[in-house]
Each structure stands twice: as C-alpha cells, then as structure tokens.
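Here the structure comes first, spelled out in structure tokens, and everything after it is commentary.
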Amino acid sequence: MAGGRRGVQMPHLSKMERVVVSMQDPDQGVEMRNQRLRITVIPHTVAGSDVVDWLVQKYCISEEEALHLGTLLVQHGYLYSLRSPRSLVLRPDDTPYRFQTPYFWTSTLWPAAELDYAIYLTKKNIRKQGALVGHEKEHYDQLHRKINHTWDLVVMQAREQLRAAKQRRKGDRLVIACQEQTYWLVNRPPPGVPSVLEQGPERSSCTAGRVQMTKNMEFYKQEMERCRKALTRARVKSSICLEAYLKFSSQHGPHDPIMSGCLPSNPWVTDDDTYWTMNAPSVAVPTKLRVERWGFSFQELLEDPLGRAHFMDFLRTEFSGERPYALLEGPGRALLLRTLRVSASPGHGSGGPHLACGPPAENLSFWEACEELRHGRQAQVHAMVDSVYQQFLAPGAARWVNIDSRTMERTLEGLQQPHRYVLDDAQLHIYMLMKKVGVRARRAWQYPAPWGPAPPHCSPVHTCSLGSPLQRSKLRLRGRRACPSLLLKERSSCDFKKYFNVGAPGWLSC
Amino acid sequence: MAREECKALLDALNKATACYHHLVLTVGGSADSQNLREELQKTRQKAQELAVATRAQLTAALRDRGLGAEERAEFERLWVAFSGCLDLLEADMRRALALGTAFPLHAPRRPLVRTGVAGAAAGVAARALSARSLRHEAEGDFDVDDQRELEREILQVSEMIHDMEMKVNVPRWTVQARQTAGAELQASASASSVGAVSVQERTGPCDPSKALAATVFSAVLLAAVALAVCVAKLS
C-alpha cells in the first residue's frame, strides 16, 4: 500500500497465515463447494462446519477451541462470510465463507494507508451514487480535509480502478468487491466494533514482536546484549519476595472492603454512606481498622492525614514534658534511651539523653513541606525551596531541623540549582528519625484509648499479628545481623503483642 | 501545449497504475498463473515508461522561470498527483515482489489460496497498455526471472522518487486540489480526452457479445413478424 512506513509483522498474524495456507492443500485442505448466484457460479466456498471439522482434525483440539480459532480467523479478515459480511463470527453450520486474497491479508508489515482508504470510499461513493452513510461519510469528509492536496489523484484513481474492474467477468468482480469490503471492515472497523489491530503500549515494542527463526549472527548479537543487560539487574530471591507478598496479603486482607466486606455496609450497594463519613480524612474518632492499619508500617501512618495529625499531636505533647501516655517506665524508658542514642548522629555537637534530633514536631513539618515540594507545581519549585530553606535549614531558622553534616552539605550544594527532588536526602534522613519515634506512637495508641469510646458499627475484634510464628522468628534472626532499627522493630513487636492483648481490660473493642 | 501533454501522460500513468493495482490484487490467489505474471510485467514496464516521460515534461515545465503564477499552481497540482501516483506504483510493486516470493507458481508444497477469482485478466492489462488485446509469450520459468527484474525495477523507481524529492521543491500542503468532495459523482464531467478514448476502447471488447445479442434478437423479431404476416394472410 502507499507510503514507506513498514512495521514488523506480528507473530500471531504469521501463524494465522500458515494455518490458512495449510487449509489450501488440494488433498488435505478444506473441502470447497461452489456458490450459485442467479446466473454466475463462483467456486471456492467453504462451510463454517467444514472449517471447524478440519481444524479439529488437523490440530487435535476440541470443538470449542476450533470454533474460537475459526472466529479469530474471521475477525482478522482471513475468511469472510458471504451472507453477512459485516458480522465477523464463524458459525459452525453451513454458512458459506470464502478465503481472502493474500494482498488483503491483515498485516502490520503493510499497514493500511489513508490514501487507499480515501480511494476506496470514493469508489463506494461512485457505486452508491453518493449515498454513503454513517461513519463512512464522516471518514470521507475527514479525509477530504486531511489529504486535500492529493484529492485529484484520489478521484482519478477511483475512477480508473472501477473501469479496470469492469474488464473482468461478473463473478470475479463480485468476489473482488467482497474482498475489498472485508479488508476495510477489518482495518477501519465501524464504531462499536473493537479493532483487532490495536496493540497495547507494551506490545508495540519491536523486540517482543520479532520471531527470529534463523540463528544467524544478528540473533546471537541480540542474545548477548540481552544477557549483558540481565546481569546488571538487581535481583531478589523469590522466597523473600513471596514471603513479603504473603505477609502483605494476610495483613491487609481483613482491611480490604472487597475481600472482607466493610461495615456498616457497602455504600455502593445500599446507598448508605455511613462508611464514608466514618472514614473521612478528618474525622474526630478514627475507626479501629484504621488505627490497626497505622500499626502496619510507618508509611501507612504518614499517608493517612488523620494519622499524620495524631502523630503531630503525639510529637508535640510527648516531647514538651507532658506525658499522657504513661509508657515511659520500664521497657519503654530503656527503649527511649536507646532510640535517642541511636539517632544521635556523629559529627554533631550535643549528645547524651538530651533530645539530639531536634524538636520532632518540626521534623514532621519539614517532611510535609518536602512532600509538597515533590508533588507541587513546577512553577513554584524555586519559591518553595527558598521558603523551606529559610524556615527549616538556614542556621538560626525559626523551626530548625537537625540533619547530619554530610547530608546538609549535599543539600546545600543542590540548592544552587533547585529542582523538586533536591531535598530528598534530607527528607529521607528526617523520615528515618521519625520512624523510630513512630514505633512508640503506634504502641501508645492501642492502650489505653486516647480518644474515648470507639464509634458504633465498627469492625469486630481483629488480632493484629505480624504473621505466623515462623515468619516472626525469621524476622528475629535477620534482625540480629541487621542494623539497630530492625532490632527495635523486633523488640517493639514483642512489646506490641504484650500491650495489644486481646481480652485485656479496657481493650478497645466494639 | 505543454500542460495538455502533461495531463495526458499523467492520465495514462494513472490508468496503468490502477490496472497494475487491480492485477496485483490477485497474486497468490486462484487466478495467479504465468499469464498473470506476464501481464504484471508488461503493465509495470509501461507504467515506468510513462513515469519517466511525465517526469521529464513536468520537471522541464516547473524549471521554467517564466511561468505565471496560475500556470505554476497548475503544474504543481499535476506534480503532486504524479508523485502520489508513483508512490502507489512503488508500493504495489513491492507488494507484488513480496507476494510473488511467498507464493511461487510451481512449488508443490505451497498451494495458492483458493479465493474464488478464476477468470483471466488479459482485458485489464490490455487496457493499461491501451491495446486491443494481449499476447502471452512467456516460457517456463518466467516468474523466477521476473522476480529478479522486479527487484531491479523497484530500486529504479525508488531512486526516481528520491531524485524527484531532492531536485524539485514543491510543498504539498500549498496545493489546492481542484476536485471537491463528491466530484467523482459527476460522471464524465472531468474526463479528459484520453478518458474519452478509453471509453470508446472499453466498448470494443463488449461489442461482439452485444452484437451477437442484437442479431439474435432481430432474427427472432423478424421471424415473429413473418409468422404474424403468414397467419394474417392465411386467415
């Protein structure tokens, strides 16, 4: 067809072509009959049932599969129905079909061009004396606007092609007209019919499409390239991946409204939106499930705006001297000290039990400001970076956060050319500091309840577990070798269980 | 006049391209045969000759600095149609090569697709060559040699197209086509002189069958009239 654009032939089309060619075998192919129109006789008609039987016999498949394969052939235009050419289905009865000529086979190697479609529509217009309807009329007008400069050629070619066709016998003329119609039904489907040539974004990559049959030098070069790229990829053992996946599923399963239902009722089903009002971003009393979810990880806590607000309150009250949570005796106090020693970074002046990580509420504000910068508008990046620097990082700033010297150096360098990710290092450092504090915050919220009686209609009692005993022991083993934060997690998980005892008096239950 | 000549050549090229397209449609199908390949060869060679001639004329006309603006616009319009036609021809030739290689005529393992098209296409080729009829003179292994020649010709045509793009600068988007939407419905309004000639030619092959029908009908009519007269005389 016109145009020098050529793609790659998709493998499923090559396979279908092979099937069609093997159907043509004079001895072992499909049985052919003649079609009788009023005077003319046109040969080479197949019945739908014959096609299905042949496929069943040749490939030893079930009838259902053969029917599906046959329908694929019709949908891609390799067979067309003589009675109802617009319905691209294979009927397993004696509906007559005919094979498409190889020129009109569906091909991504020779894509259908606008010029050809314009010529076809013009021919149809001439044959129907101007009575084009529906989407064809729209396309005709569109094409007339789009390729106006070659419209003379379109008209000339259309007329000449019709005249050339008149040189043939009537039967041939009919067949060729049907073939062309089928071709355009597949390549420019009417509205509402899905196009078989649509390729999703991941499928249009050439490497996926090309089926290398011959093992020549090109093939081996590509193989070497592929292996080289594969070497540099980071890999995780599948056992670890799958464990993490299982843990995630078991943890989040009870929280998923589709898997475990939602109380009081699914608003989409019953039109009662109590569920939504109870779980609104800023509600006075969070539901139990929500609080549980905060216990899964620090990320969950920060992502929920209500969780973040509570965490902010916790930080303010915790480190300003008032201690309503009364968990700083016993293991809690030792934990706090260990936290502080761990988070006191080298190269910085003050140490000891005094809070060396800066006022934690400012940490959270800094983190929030960094998030806003990352997800904010490009035009405001400069202004935001400046304001964050003035508020949090400049020496003597009002809400100064404490970052270690190396990160501070890198950040200050990056501030010369600010972009939206320039504060990422500092944000990560602060995040890690906050995470350790967050562990205690989440524990503190389980017992006793800091916000009064639980709301009605909330979920039944769940045990929040960190997975099976096997997983927990593995976590412990890994933690021994790993950094202190994991040790903390392991320790906190034990305390977590102790305080989070189902059936303890005052336990948050509905 | 140069413009009329160019128009005539372009129409002939257009006809040859349309006929070639029509013939390539059946390659690989049940109508494919040695004769068809020969017809393809003759048609495309004729098309190439016409293309070379048209190109020479049009290039000469466009290089002429002394052209008026309207004349120039007219030649540019012809040029755009000519290069489009040549693109179609080249694409069809490439397609013919691919299909001819995929469906060789004398390979037992590779049967032709039974498409239902059975008749000969000699009339189409004859129309392209503006001749009354076509004689088939090819020998045995014609299609194999033909493929090689087809490859060479495709290269020639691509070179010609490339040369045209490089040497003549006609911006396509500035060309305004003369035909409006629906212009094809005015039956022979814009048919050129060549078109009229081809109409006459086309009635040529139909003449024998129509003449036969006419004679049979008139004979029957005469017989009926004679019978009626006899009956009238007798009664």
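So you know, we letter chains A, B, ... as the sequences are listed, proteins then strands, and number each from 1. The shown structure was predicted, so the numbers you read here are calculated from the model rather than taken from an experiment.
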So which of [options] has the largest heavy-atom pair count under 4.5 angstrom toward chain B?
{"options": "Glu17(A), Arg173(A), Glu180(A), Arg168(A)", "value": "Arg168(A)"}
{"options": "Ile176(A), Leu162(A), Leu153(A)", "value": "Leu153(A)"}
{"options": "Gln35(A), Arg98(A), Arg145(A), Gln100(A)", "value": "Arg98(A)"}
{"options": "Thr122(A), Ile42(A), Thr150(A)", "value": "Thr122(A)"}

Contact class of [X] relative to chain A, heavy atoms under 4.5 angstrom:
{"X": "Leu78(B)", "value": "neither"}
{"X": "Leu25(B)", "value": "both"}
{"X": "Phe82(B)", "value": "neither"}

At a heavy-atom separation under 4.5 Å, does [X] approach chain B through its side chain, its backbone, both, or neither?
{"X": "Gln179(A)", "value": "side chain"}
{"X": "Ala165(A)", "value": "both"}
{"X": "Val154(A)", "value": "neither"}
{"X": "Met23(A)", "value": "backbone"}
{"X": "Leu174(A)", "value": "neither"}
{"X": "Gln157(A)", "value": "both"}
{"X": "Val21(A)", "value": "both"}

Inset, instruction - Determine whether Tyr103(A) and Val27(B) make a side-chain contact, defined as any pair of heavy atoms from C-beta on separated by less than 4.5 Å. - result: no
Under 3.5 Å, side chain of [X] to main-chain N/O of [Y], donor-acceptor pair present?
{"X": "Asn14(B)", "Y": "Met156(A)", "result": "yes"}
{"X": "Gln24(A)", "Y": "Val113(B)", "result": "no"}
{"X": "Thr115(B)", "Y": "Thr101(A)", "result": "no"}
{"X": "Asn148(A)", "Y": "Gln176(B)", "result": "no"}

Legend entry - Spacing of Ser30(B) atom OG and Asp172(A) atom CG [to the nearest 0.5 Å]: 8.0 Å
Inset, instruction - Drop me the distance from Asp87(B)'s CG to Leu115(A)'s CG, to the nearest 0.5 angstrom. - result: 8.5 Å
Inset, instruction - Would you mind listing every ring pair (Phe, Tyr, Trp, His ring centres under 6.0 Å) that reaches into residues 27-58 of chain A, with sequence neighbours excluded? - result: none
Inset, instruction - Under the ring-ring contact (aromatic ring centres under 6.0 Å, His included) rule, collect the residues that match up with Phe99(A), sequence neighbours excluded. - result: none
Inset, instruction - List for me each residue that meets ring-ring contact (aromatic ring centres under 6.0 Å, His included) alongside Tyr78(A), sequence neighbours excluded, and say none if there are none. - result: Trp105(A)
Legend entry - Neighbour count above 12 (heavy atom, 6.0 Å) for Gln57(A) CD: no
Legend entry - Largest heavy-atom contact set with chain A, pairs under 4.5 Å, which of Ala122(B), Ala81(B), Ala98(B): Ala81(B)
Legend entry - Which of Gly28(B), Gly29(B), Gly116(B) touches chain A most, by non-hydrogen pairs under 4.5 Å: Gly116(B)
Inset, instruction - Identify which one of Lys15(B), Arg127(B), His22(B), His21(B) satisfies the side-chain hydrogen bond (donor to acceptor under 3.5 Å, both in side chains) criterion when paired with Glu160(A). - result: Arg127(B)
Legend entry - Contact listing (chain A partner; residues 153-168 of chain B; heavy atom under 4.5 Å): none
Inset, instruction - Assess whether side-chain contact (heavy atoms from CB on, under 4.5 Å) is satisfied between Asp116(A) and Leu88(B), documenting all intermediate values. - result: CA-CA 9 Å; Asp116(A) 298 310; Leu88(B) 284 176; 3.7 Å; yes
